[in-house]
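This structure is a prediction, so every number in the text was calculated from the model and none was measured. Values reported hereafter were calculated over all heavy atoms of this structure, with side chains retained and with hydrogens, waters and symmetry mates removed.
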Amino acid sequence: MRLGLILGEVANGLRRNVSMVVSVVLVTFISLTFVGAAILLQMQIGQMKGYWYDRAQVAIYMCTAVDTTGNCTQTEATQAQIDAVEAQLESAALAPYIKRFEYETHEQAYANFQDQLGDSPIAAFVTPETLNESFRVNLNDPSDADILIESLSGSAGVQDVQDQRGYLDQIFSVLNAASYTAIGVAALMLIAAVLLIATTIRLSAFSRRRELGIMRLVGASNRFIQTPFILEGVFAALIGSLLAGAAIVAIVQFFVQGYLQSTLQATTTLVGLSDAVVVVPILVVVGAALAAASAGVAISRYLKV
């Protein structure tokens, strides 16, 4: 009987404040969608780091006839200097850190340049001789790149030794900034949702002030009085949370796995439905917890007035 009475009060409260309930649902939906997107973006960044860092190389650029940087004096690296660098890579000091390496000639570098930037206006001014020959080194542990850089930077005929993870870090910094932006927007929207839930509960309590007064007179406990109002907030937030979860699943299914996967043609790993399924319960718990807390505080303060 008590449960039926509580549920009846919840239904009455929702019916009397339909417009406010819809507002709570929409604000919760939008804010938790941002939260879910930020979580998925962090998952994606983690997967991309694992994928690309394992494939990141250390590039050892040899001097060309036009270079004046590094150890270069506008003199092409000689075959003896190239052989010396290769011997260092195969030495007992560096070999344990190296998984494999390959040498890229002028012609190979030019062919790669044409594949990537052949349509660029500068392509007409580039010749094979202006592109560096280089060693491309894959490490067992990419974090050991500094060892290779320190060992080979001062070698004769070497223009530069670059850890390609530096380029990846710039990309990941942009993605992290986007993720933090989504978190910031989500935080603001969640604050709005909390305030809106509190306002809704106060209005609902005010519209039923006579019923609340009668319940107090007959000895109803504060917990019994507060429960319907808390359930109202939780119900509205729960609908918004479920809609946000559905939106996250749809984004992963149709945008990430549908559009991005075909566009990138599997050049990297992307978040999938299994990741979205992990995010959905988090959104539901966060939405319900915030709603319960804000509704509980709002009705408690109202009853003390």
Side-chain angles (χ1 to χ4, degrees), residues 45-177 263-269:
I45 292 171
Q47 291 187 16
M48 289 177 68
K49 282 184 176 181
Y51 182 90
W52 286 111
Y53 277 176
D54 288 343
R55 289 161 177 76
Q57 297 175 319
V58 175
I60 305 168
Y61 295 104
M62 306 304 295
C63 295
T64 67
V66 296
D67 284 330
T68 58
T69 57
N71 302 315
C72 305
T73 56
Q74 292 186 317
T75 303
E76 179 88 14
T78 64
Q79 187 60 47
Q81 290 171 338
I82 294 171
D83 292 341
V85 172
E86 184 173 1
Q88 281 186 274
L89 294 175
E90 295 174 342
S91 68
L94 295 181
Y97 301 102
I98 297 173
K99 182 185 299 182
R100 63 179 179 276
F101 69 87
E102 58 184 18
Y103 188 69
E104 184 179 73
T105 64
H106 288 303
E107 290 72 22
Q108 290 170 332
Y110 183 73
N112 291 334
F113 177 84
Q114 290 295 323
D115 288 339
Q116 298 174 14
L117 299 171
D119 297 331
S120 173
I122 65 172
F125 303 98
V126 176
T127 62
E129 290 73 23
T130 59
L131 297 176
N132 300 81
E133 294 185 313
S134 61
F135 287 93
R136 304 286 176 164
V137 184
N138 290 87
L139 300 174
N140 294 317
D141 183 354
S143 62
D144 291 330
D146 289 341
I147 297 174
L148 220 63
I149 294 172
E150 293 176 4
S151 300
L152 297 170
S153 293
S155 300
V158 173
Q159 182 215 30
D160 192 19
V161 183
Q162 292 184 356
D163 180 6
Q164 293 181 342
R165 289 188 306 163
Y167 301 111
L168 298 176
D169 288 338
Q170 297 176 15
I171 297 173
F172 293 139
S173 295
V174 173
L175 293 175
N176 276 320
T263 302
L264 298 177
Q265 297 180 347
T267 55
T268 187
T269 55

Asker: Supply the atom-to-atom distance Asn138 CG to Glu102 CD, rounded to the nearest 0.5 angstrom.
Answerer: 7.5 Å
Asker: Between CG of Leu131 and OG1 of Thr105, what distance do you get to the nearest 0.5 Å?
Answerer: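 One finds 10.5 Å between CG of Leu131 and OG1 of Thr105.
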Asker: Tell me whether Asp160 contacts the main-chain N or O of Tyr61 through its side chain, where contact means a donor paired with an acceptor under 3.5 Å.
Answerer: no
Asker: What's the shortest heavy-atom distance between Ser91 and Pro96, and which atoms?
Answerer: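 It is O-CD, 4.3 Å.
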Asker: Do Thr64 and Gln159 come within less than 4.5 Å of each other through their side chains, counting heavy atoms only?
Answerer: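 Counting from C-beta outward, Thr64 and Gln159 never come under 4.5 Å.
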Asker: Considering non-hydrogen atoms only, spot the tightest contact between Gln88 and Ser155 and give its length.
Answerer: OE1-OG, 2.9 Å
Asker: Mind checking side-chain hydrogen bond (donor to acceptor under 3.5 Å, both in side chains) for Asp83 and listing every partner two or more places apart, or none if nothing turns up?
Answerer: Gln79
Asker: Any pair with a residue in residues 131-151 that passes ring pair (Phe, Tyr, Trp, His ring centres under 6.0 Å), sequence neighbours left out, goes on the list, sorted by first then second residue, please.
Answerer: Tyr103-Phe135
Asker: Give the C-alpha distance, both sets of side-chain angles, the deciding distance and a yes or no for side-chain contact (heavy atoms from CB on, under 4.5 Å) between Leu148 and Asp163.
Answerer: CA-CA 9 Å; Leu148 220 63; Asp163 180 6; over 6 Å; no
Asker: State, to 0.1 Å, how close Phe113 and Val126 come at their nearest heavy-atom pair, and which atoms those are.
Answerer: CZ-CG2, 3.8 Å
Asker: Quick one: side-chain hydrogen bond (donor to acceptor under 3.5 Å, both in side chains) pairs with a partner in residues 140-152, sequence neighbours left out?
Answerer: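 Every side-chain hydrogen bond (donor to acceptor under 3.5 Å, both in side chains) pair that includes a residue of residues 140-152, provided the two are not neighbours, is Asp141-Ser143.
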Asker: Quick one: pull up OG in Ser134 and NE2 in His106 and give me the separation to the nearest 0.5 Å.
Answerer: 10.0 Å
Asker: Glu90: what forms a side-chain hydrogen bond (donor to acceptor under 3.5 Å, both in side chains) with it, not counting sequence neighbours?
Answerer: none
Asker: Could you give the distance from CD (Glu133) to CE (Met62), rounded to the nearest 0.5 Å?
Answerer: 8.0 Å
Asker: Can you sort out the partners of Glu76 under salt bridge (Lys or Arg N to Asp or Glu O under 4.0 Å), two or more places apart, ordered by chain and number?
Answerer: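 Not a single residue meets the salt bridge (Lys or Arg N to Asp or Glu O under 4.0 Å) criterion with Glu76.
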Asker: Partners of Asp67 by salt bridge (Lys or Arg N to Asp or Glu O under 4.0 Å), sequence neighbours excluded?
Answerer: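 So Asp67 forms no salt bridge (Lys or Arg N to Asp or Glu O under 4.0 Å) with any residue.
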Asker: When rounded to the nearest 0.5 angstrom, what is the spacing between CD in Gln162 and CD1 in Ile60?
Answerer: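 Here the interatomic distance stands at 11.5 Å.
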Asker: Taking Asn71 for its side chain and Val158 for its backbone only, find out whether a donor-acceptor pair lies under 3.5 Å.
Answerer: yes
Asker: Hey, could you give me the CG/CZ distance between Leu139 and Arg100, rounded to the nearest 0.5 Å?
Answerer: 10.5 Å
